[in-house]
Amino acid sequence: MLTQVHPAPHRRPTRIRVGLLGHGRAGQAVAQALLADELIDLRWVARRRLPQGSPTMLPGTEVPVIATAGESLDALIAQHPIDALVDFSSAESAQLYLGAVRRHRLMLVSAVSSYTPEQLAAIRSLADACRIMCSPNITVGINFLIVAARLLRTIAPQADIEIIEQHFRDKPEVSGTARRMASTLDLDEARITSLRLGGIVGHHEVVFGFPHQTVRLTHDSIRREAFGTGAAFALRELHQRGPGFYTMEELIAGVMREQLQAA
């Protein structure tokens, strides 16, 4: 008698439980992108304070929006356990949560662009026990651009290179992403041209000038949800890696190497 073999039931991948810090314009857009990702389980959103009349739940969901300070973060995690913390708040917030990240062995994805060297060193110190991804811009497209620009710089080191960044009118500082691009390409920051115009979310361009030809690599952030899809990508990649400090372009380059090897 033949024994009928039934296929093993399909198992859904384990969802990554996430807490989000920051509920400004970028944080709200990131929350929506994380909610839309089937591998992400957004458990809560935390901010320093809840202004009068602010919602206590993300609209249309049961995800709480909570006012919390650093000393209450452990209690929040105990009540709503998470695997990862995503930070879209401010550079000053790091000192409030780094202890909790270490104690709970959380993954950390930070898209804050204005860390001081001391703040960045404190974040790096977690890498012996935790999986940390820190980049000033975590859109997939801009980091693919950075990796591609670095490759072209290696191929043609004699080319003239300029960086152009455009952002919304009220952004005061030079783009952290543009500074990162300049550092990656071994350029002085004087080679960055900044423009502030209307409601532009973000535009970055690297121009390579060759004899007889020009190459322009450009990226436009059309909606802030792009930061959320980048955060989701970073979380999925960190989930497969060991403790360490990673940048977004390192995660992108790792995927590219895997694809090239598979080909």
Side-chain angles (χ1 to χ4, degrees), residues 11-22 30 33-34 37-44 46 70 73-74 76-78 80-89 91 93-113 115-148 150-151 176-177 180 183-184 227-263:
R11 294 183 179 178
R12 291 176 60 86
T14 302
R15 299 178 76 197
I16 303 170
R17 301 172 300 174
V18 175
L20 173 64
L21 291 182
V30 168
L34 294 178
D37 192 299
E38 63 179 8
L39 294 181
I40 303 297
D41 178 12
L42 182 60
R43 305 298 300 276
W44 44 261
L73 193 56
D74 282 299
L76 176 58
I77 293 171
H80 302 281
I82 57 174
D83 307 304
L85 191 65
V86 175
D87 184 12
F88 271 84
S89 56
S93 296
Q95 63 183 341
L96 301 177
Y97 64 70
L98 292 185
V101 169
R102 179 177 287 280
R103 285 189 292 273
H104 296 277
R105 295 293 193 267
L106 301 178
M107 294 186 288
L108 172 65
V109 170
S110 172
V112 175
S113 63
Y115 289 124
T116 66
E118 294 76 18
Q119 289 168 331
L120 191 56
I123 294 172
R124 282 183 176 273
S125 72
L126 298 174
D128 64 316
C130 304
R131 289 164 283 184
I132 309 298
M133 198 295 300
C134 183
S135 285
N137 185 322
I138 64 171
T139 59
V140 172
I142 197 67
N143 286 280
F144 181 84
L145 183 153
I146 291 172
V147 173
R150 191 167 61 215
L151 176 60
T177 300
R180 173 65 183 169
S183 174
T184 298
F227 303 130
T229 53
F233 167 81
L235 289 166
R236 291 194 298 270
E237 287 299 307
L238 288 179
H239 195 56
Q240 303 176 53
R241 295 172 182 250
F245 182 92
Y246 305 90
T247 63
M248 191 68 168
E249 57 260 36
E250 286 171 342
L251 297 181
I252 294 279
V255 173
M256 291 173 66
R257 281 193 299 270
E258 291 168 5
Q259 291 300 311
L260 289 171
Q261 290 169 355

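Small disclaimer: the values here were computed from a predicted structure and weren't measured.
The side-chain heavy atoms of Ile77 and Leu106, taken from C-beta on, include a pair separated by under 4.5 Å. Under the 4.5 Å side-chain criterion, counting only non-hydrogen atoms from C-beta, Ser135 is in contact with Glu249. Counting heavy atoms from C-beta on, the side chains of Leu235 and Met133 never come closer than 4.5 Å. Between Leu108 and Tyr97 there is a side-chain heavy-atom pair separated by less than 4.5 Å.
Note that CG of Leu126 is 5.0 Å distant from CG of Leu98, once rounded to the nearest 0.5 Å. One distance of note links CD1 of Ile123 with CD of Gln95; it measures 11.0 Å at 0.5 Å rounding. Of the inter-residue distances, the one linking Met107 atom CE with Ile16 atom CD1 reads 4.5 Å to the nearest 0.5 angstrom. Between the CG atom of Leu42 and the NE2 atom of His80 there is a distance of 11.5 Å, given to the nearest 0.5 Å. The distance from atom CE of Met256 to atom CG of Leu151, rounded to the nearest 0.5 Å, is 7.0 Å. Atom-to-atom distance recorded for Ile146:CD1 and Asn137:CG is 7.0 Å, nearest 0.5 angstrom.
The closest donor-acceptor contact from the side chain of Ser125 to the backbone of Ala122 lies under 3.5 Å.
Counting all heavy atoms, side chain and backbone alike, Gly176 lies closest to Pro136 at O-CG, 3.8 Å. The heavy-atom pair separating Leu120 from Cys134 by the smallest distance is CD1-SG, 3.9 Å. The two residues Ala231 and Leu34 make their nearest non-hydrogen contact at CB-CD2, 4.4 Å. Ala129 and Pro243 make their closest contact through C-CB, 3.9 Å (heavy atoms, listed as atom of the first residue, atom of the second, distance). Residues Met248 and Ala234 approach most closely at SD-CB, 4.1 Å, considering heavy atoms. Closest approach of Ala100 and Leu73 over heavy atoms only: CB-CD2, 4.0 Å.
Other residues, nucleotides and ligands contribute more than 12 heavy atoms inside 6.0 Å of the CZ atom of Phe245.
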Steps toward side chain to side chain contact (heavy atoms under 4.5 Å, CB included) verdict (Val86, Phe227): CA-CA 11 Å; Val86 175; Phe227 303 130; over 6 Å; no
Evaluate the side chain to side chain contact (heavy atoms under 4.5 Å, CB included) criterion for residues Asp83 and Arg15: first the C-alpha distance (whole Å), next the side-chain angles of each, then the deciding distance (0.1 Å), finally the verdict. CA-CA 9 Å; Asp83 307 304; Arg15 299 178 76 197; over 6 Å; no
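Evaluation of the side-chain contact (heavy atoms from CB on, under 4.5 Å) rule for Asp37 yields Leu39, Ile40, Ala232, Arg236 as partners, not counting sequence neighbours. In this view, Glu237 and Phe233, Gln240, Arg241, Leu251, Val255 satisfy the side-chain contact (heavy atoms from CB on, under 4.5 Å) rule, not counting sequence neighbours. With sequence neighbours left out, Ser89 forms a side-chain contact (heavy atoms from CB on, under 4.5 Å) with Leu21, Asp87, Ser93. Partners of Glu250 by side-chain contact (heavy atoms from CB on, under 4.5 Å), not counting sequence neighbours, listed by chain and number: Tyr246, Thr247. The side chain to side chain donor-acceptor pair (under 3.5 Å) check on Asn143 picks up nothing, with sequence neighbours excluded. Qualifying side chain to side chain donor-acceptor pair (under 3.5 Å) partners for Arg102, counting only residues two or more places apart in sequence or in other chains: Asp128.
Electrostatic pairing of Asp41 and Arg17 does not count as a salt bridge here, judged by no charged N lying under 4.0 Å from a carboxylate O.
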